[in-house]
Amino acid sequence: MSLQITPSDQACGAEVRGVDLTKPLDDETIAEIRAAWLKHFVIAFPDQPMSDDDLERFTQYFGPFGNDPFFGSIPGHDHIAAIKRNANETAPIFAENWHTDWSFQEHPPAGTCLFSITIPPMGGDTLFANQHMALDDMPDELRNRLEGKMAIHSARNGYSKDGMYGENDKGRSMDIRSSDDAMATQLHPVIRDHPETGRPGLFGTAGYIIGFDGLDEAEGEDLLGELYRWQTRPEFQYRHSWEPDMLLMWDNRAVLHMATGGYQGHDRLLHRTTIGARPN
Ligand code: SIN
């Protein structure tokens, strides 16, 4: 099978047609999709009326399921989480901040699949920032300060009892479960080679990154702020606009992403799986 792949005119992203994701895929097609994912980092498959079983089957072509902490799963599908917001909801938009999914884990997920079910008539785009391009174009002065540094990642700002989605987060329809486990920390190099392509890039950002190993709090905050301002610049971004029955698959090792609002008064529902890290 030969896929039709149309790159976006932005910093990453492509649309993929010529495949039916409601049916099992052959090895050649899976290899083509993997190659497109590694090249474009964010690939969108429009017009795919997939069931939850289809979503799980597709995810497992690319790795084992990732481990999703702090989310409940949908009934009958332990590896699918509902990214959900009701029309009348007033809690802050979920994930409206730059991040790499679960970067605080020892082995963070390679990718994420997000399938759209109910899409509002306006707003609700997802933004991505290409972290290979951000590193390639980074001024030497900032790069020299980051080279060799280990970033401290933690879920505490989001998912601890005191976090954004903790005990004071009221009236949210999404099944988020805060926990003291979110206080744990994990080190990852801030500049690292992509585990599959070997291309150097930046990994993670402020939010899940809470500091740098060996820097005091003030120095760490300063460097983290500079890193954040650089890696999220508009020229590194791709803005994804949704339509119903669209599958999006992104590479967490290559991009940051964030949700956006602008759809108050409308429902939004997507089903999400994570693709676990490939064993070394
Ligand atoms: C996510 O970060 O998983 C959610 C993205 C979105 O809702 O657009």
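Order of appearance sets the numbers: ligands from 1, and atoms from 1 within every ligand.
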For [atom], closest protein heavy-atom neighbour:
atom                   : result
atom 3 (O) of ligand 1 : R272 NH1, 2.6 Å
atom 2 (O) of ligand 1 : H257 NE2, 3.0 Å
atom 7 (O) of ligand 1 : R268 NH1, 2.8 Å

Distance only, no hydrogens: is a donor on one side chain within 3.5 Å (strictly under) of an acceptor on the other, for [X] and [Y]?
X    : Y    : value
R156 : S154 : yes
Q231 : Q131 : yes
S103 : H153 : yes
D101 : T112 : yes

- May I ask whether L227 and L127 are part of the same hydrophobic cluster, defined by side-chain heavy atoms of I, L, V, M, F, W, Y residues being less than 4.5 angstrom apart, directly or through others? no
Which ligand 1 atoms are under 4.0 Å away from a heavy-atom of [X]?
X    : result
I83  : 7 (O)
T126 : 6 (C), 8 (O)
A95  : 2 (O)

- Message: Heavy-atom contact check, 4.0 Å cutoff: does H99 meet ligand 1?
- Response: yes
- Message: Any salt bridge linking R143 with D140? Criterion: basic side-chain nitrogen under 4.0 Å from a carboxylate oxygen.
- Response: no
